[in-house]
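Here is the structure we will look at.
Below, chains carry the letters A, B, ... as their sequence lines are ordered, and counting in each starts from 1.
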Protein chains: 2
Amino acid sequence: MAEQHELRDKGLRLTPQRELVLSAVRSLGHATPEEVAERVRQTHPGINLSTVYRNLETLENVGLVQHTHLGHGGATYHAAEEMTHLHLVCGKCGSVGDAPIDAAANFVQNLADDYGFKTDVTHFAIYGTCAACVEK
Amino acid sequence: MAEQHELRDKGLRLTPQRELVLSAVRSLGHATPEEVAERVRQTHPGINLSTVYRNLETLENVGLVQHTHLGHGGATYHAAEEMTHLHLVCGKCGSVGDAPIDAAANFVQNLADDYGFKTDVTHFAIYGTCAACVEK
DNA sequence: CGCTACTTGCGAAGACCTCGCAGAAAGTGC
DNA sequence: GCACTTTCTGCGAGGTCTTCGCAAGTAGCG
C-alpha cells in the first residue's frame, strides 16, 4: 500500500495537513471543503481553511480526488477510488445515494453514438427524488 | 397566445421588468442571473440585479422558468418550454449541448426499477466532453 | 547540517447572493 | 379618470463562500 509514498510519487510534499485532507476526503465519502476542514480539525485543530482549499485543489490536479457539484452552491469532493458509482441526489431530503456505473452504461453509449458526447461518468450528479421521499 | 396574460393568470403583476426577465430567459435558452440582467439592460438599462434575482425566483415559483446547476458555481435558468431536452455540459469548452429526453429514457427506467429513484429529467445536467473537444 | 523550494497561516479582497426599507407603480372599484 | 391598496423596484447594507499575497515555517536533498 505504501501509504506514505502515494503523495511523494505524485511529486508532492508529505505534510501532515496534506495527508489529513486526503484521509478526510476518503473517510467522508463526499464532503464540502467546510466538512473536510471540520474533520481535519479533529486531529489538527490549527488548520486553516485556505490550506484545505489549496490542498483539495492540489490533490485534484494529481488525480487523487475530484469534485462535483451536487446541486446547490458549493462543490463536494470525493476520493478517486470512490468514483466507481453514480451519485443520486435527492432534491427533497438532500441525501446522496449510490448506484453502480453499469446502470448508466446504456445511456452513456447512446450519447456517444448519437451525439459524439463523451460522458464523464465519474463526474456525474443525477438529480431526482429518492425512494424514501417518493413514498411520502 | 395572449402573451399579455400569462403572468396575470399566475397572479402576478405585469411589470416591464418582469416581462423582460421572462423574455430574456426565453431568448437566451439558458443563462445565469448575470446574463439575464445584461440582456434586460439592453432595453431597460436601469434594472437592478436584485430585481432580476427576485423575478427569477418568482417566475420559478409559478413554474414559468426553472433553474439547474450546470457544473460550476452559479445557477442557470431556462424557460419551462425548454425543458424537453437534456443538457450536455462540456467540461473543456463550457458549451451546453442538447439531446432529446428519449436518450435517457432507458437510464431513467433502470434507476426507477432497481433503486426506486425517480430521476427528474428536466433538472438534469450531464457532464462530459463534447464532440468538438473530443477530436482535439 | 544547511540550503532551496514548496507549504502553511493569516488577513484582506473579491464574487455572488439575500435582505430590509422607502418610494413608485399596477390593478381595482367608483 | 381618480383615489386606494397591494405588490414591485431600486438601492444600499450584510452574509457567505472562495481566492490571493505575503512572510514565516518546514520537507526533501546533498
Side-chain angles (χ1 to χ4, degrees), chain A residues 2-25 30-41 43-62 64-77, chain B residues 2-25 30-41 43-62 64-65 67-77 94:
Chain A
E3 164 83 26
Q4 300 294 26
H5 297 142
E6 68 180 328
L7 290 172
R8 305 279 311 274
D9 287 349
K10 302 285 187 175
L12 298 177
R13 288 201 180 166
L14 203 57
T15 68
Q17 292 89 336
R18 188 115 65 196
E19 283 187 285
L20 287 167
V21 166
L22 179 54
S23 86
V25 171
H30 30 69
T32 63
E34 191 62 49
E35 289 166 337
V36 172
E38 203 178 316
R39 179 58 150 266
V40 173
R41 287 207 188 91
T43 50
H44 190 110
I47 197 169
N48 195 281
L49 241 194
S50 316
T51 302
V52 174
Y53 275 101
R54 277 184 295 220
N55 277 327
L56 286 172
E57 192 186 329
T58 304
L59 292 172
E60 185 162 27
N61 283 338
V62 299
L64 286 172
V65 308
Q66 206 158 336
H67 81 275
T68 319
H69 296 270
L70 295 184
H72 21 292
T76 66
Y77 286 82
Chain B
E3 164 84 25
Q4 300 294 25
H5 297 142
E6 69 180 327
L7 291 173
R8 306 278 312 273
D9 287 349
K10 302 285 186 176
L12 299 177
R13 287 201 181 168
L14 202 57
T15 69
Q17 293 89 336
R18 189 112 73 198
E19 283 187 283
L20 287 167
V21 166
L22 179 54
S23 85
V25 171
H30 29 70
T32 62
E34 192 63 49
E35 290 167 336
V36 171
E38 202 178 316
R39 180 59 151 265
V40 172
R41 286 206 189 92
T43 50
H44 190 111
I47 197 169
N48 195 280
L49 242 195
S50 318
T51 303
V52 173
Y53 276 101
R54 277 183 297 218
N55 276 327
L56 286 172
E57 192 185 330
T58 304
L59 291 172
E60 184 161 28
N61 283 338
V62 298
L64 287 172
V65 307
H67 81 276
T68 319
H69 296 271
L70 296 184
H72 20 293
T76 65
Y77 286 82

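- Between the CD atom of B/E19 and the P atom of C/dA26 there is a distance of 11 Å, rounded to whole Å.
- No side-chain donor-acceptor contact under 3.5 Å links B/E19 to the backbone of B/P16.
- Judged as a side-chain hydrogen bond (donor to acceptor under 3.5 Å, both in side chains), and not counting sequence neighbours, B/E34 has no contacts.
- Between C/dG9 and A/H44, a contact under 4.0 Å exists linking OP1 or OP2 to a side-chain N or O.
- As a whole-Å value, the separation of B/N55 CG from C/dA26 C1' is 14 Å.
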note = Each base of DNA chain C marked ( ) or [ ] if paired in-strand (Watson-Crick or G-U under 3.5 Å), | if paired to another strand and . if unpaired gives ||||||||||||||||||||||||||||||
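- Atom CG in B/L7 sits roughly 14 Å away from atom C1' in D/dT7 (whole-Å rounding).
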remark   = Expected string for nucleotides 22-30 of chain D under the B/S/- scheme (protein heavy atoms, under 4.0 Å, primed atoms plus P, OP1, OP2 as sugar-phosphate) is ----BBSS-
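- B/E57 has its CD atom 12 Å from the P atom of D/dT9, to the nearest Å.
- Considering only side-chain N and O atoms, B/Q17 lies nowhere under 4.0 angstrom from the phosphate OP1 or OP2 of C/dA25.
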task = Take B/T15 and B/L7 through the side chain to side chain contact (heavy atoms under 4.5 Å, CB included) test and state the conclusion after the steps.
result = CA-CA 9 Å; B/T15 69; B/L7 291 173; over 6 Å; no
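- Evaluation of the side-chain contact (heavy atoms from CB on, under 4.5 Å) rule for B/I47 yields B/Q17, B/V21, B/V40, B/R41, B/H44, B/T51, B/V52 as partners, not counting sequence neighbours.
- Contacts of A/Q66 classified as side-chain contact (heavy atoms from CB on, under 4.5 Å), with partners at least two apart in sequence or in another chain: A/E60, A/H78, A/M83, A/D120, A/T122, A/H123.
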message = Apply side chain to side chain contact (heavy atoms under 4.5 Å, CB included) to residues B/L56 and B/V25 and explain how you reach the verdict.
response = CA-CA 9 Å; B/L56 286 172; B/V25 171; 3.8 Å; yes
Taking only nitrogen or oxygen atoms into account, show me every contact under 3.5 Å that the protein makes with nucleotides 11-13 of chain C, one pair per line with its distance.
unit_1: C/dG11; atom_1: O6; unit_2: A/S50; atom_2: OG; d: 3.3

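- For the pair A/E6 and A/L22, the minimum side-chain heavy-atom distance is below 4.5 Å.
- Among the protein residues, B/L49 comes within range of no part of the nucleic acid, since none of its heavy atoms lies under 4.0 Å from any strand.
- Atom CG of A/N61 and atom C1' of C/dC6 are 15 Å apart (whole Å).
- Between the CD atom of B/E60 and the C1' atom of C/dC17 there is a distance of 15 Å, given to the nearest Å.
- Listed nucleotides: D/dG10, C/dT8, D/dT18. Nearest to the side chain of A/R18: C/dT8.
- B/T58 has its side chain out of reach of B/L64: every pair of non-hydrogen atoms, C-beta onward, lies at least 4.5 Å apart.
- The NE2-C1' distance, from B/H69 to C/dC17, rounds to 12 Å in whole Å.
- In this view, B/R18 and B/N55 satisfy the side-chain hydrogen bond (donor to acceptor under 3.5 Å, both in side chains) rule, not counting sequence neighbours.
- The side-chain hydrogen bond (donor to acceptor under 3.5 Å, both in side chains) search around B/R54 returns none, not counting sequence neighbours.
- Minimum heavy-atom separation, A/A75 to A/P33: O-CD, 3.4 Å.
- The nucleotide whose nearest atom lies closest to any side-chain atom of B/Y53 is, among D/dT9, C/dC17, C/dG9, C/dC17.
- Every residue two or more places apart in sequence or in another chain that forms a side-chain hydrogen bond (donor to acceptor under 3.5 Å, both in side chains) with A/N48 is listed here: A/S50.
- D/dT9 atom P lies 11 Å from atom CG of B/L20, rounded to whole Å.
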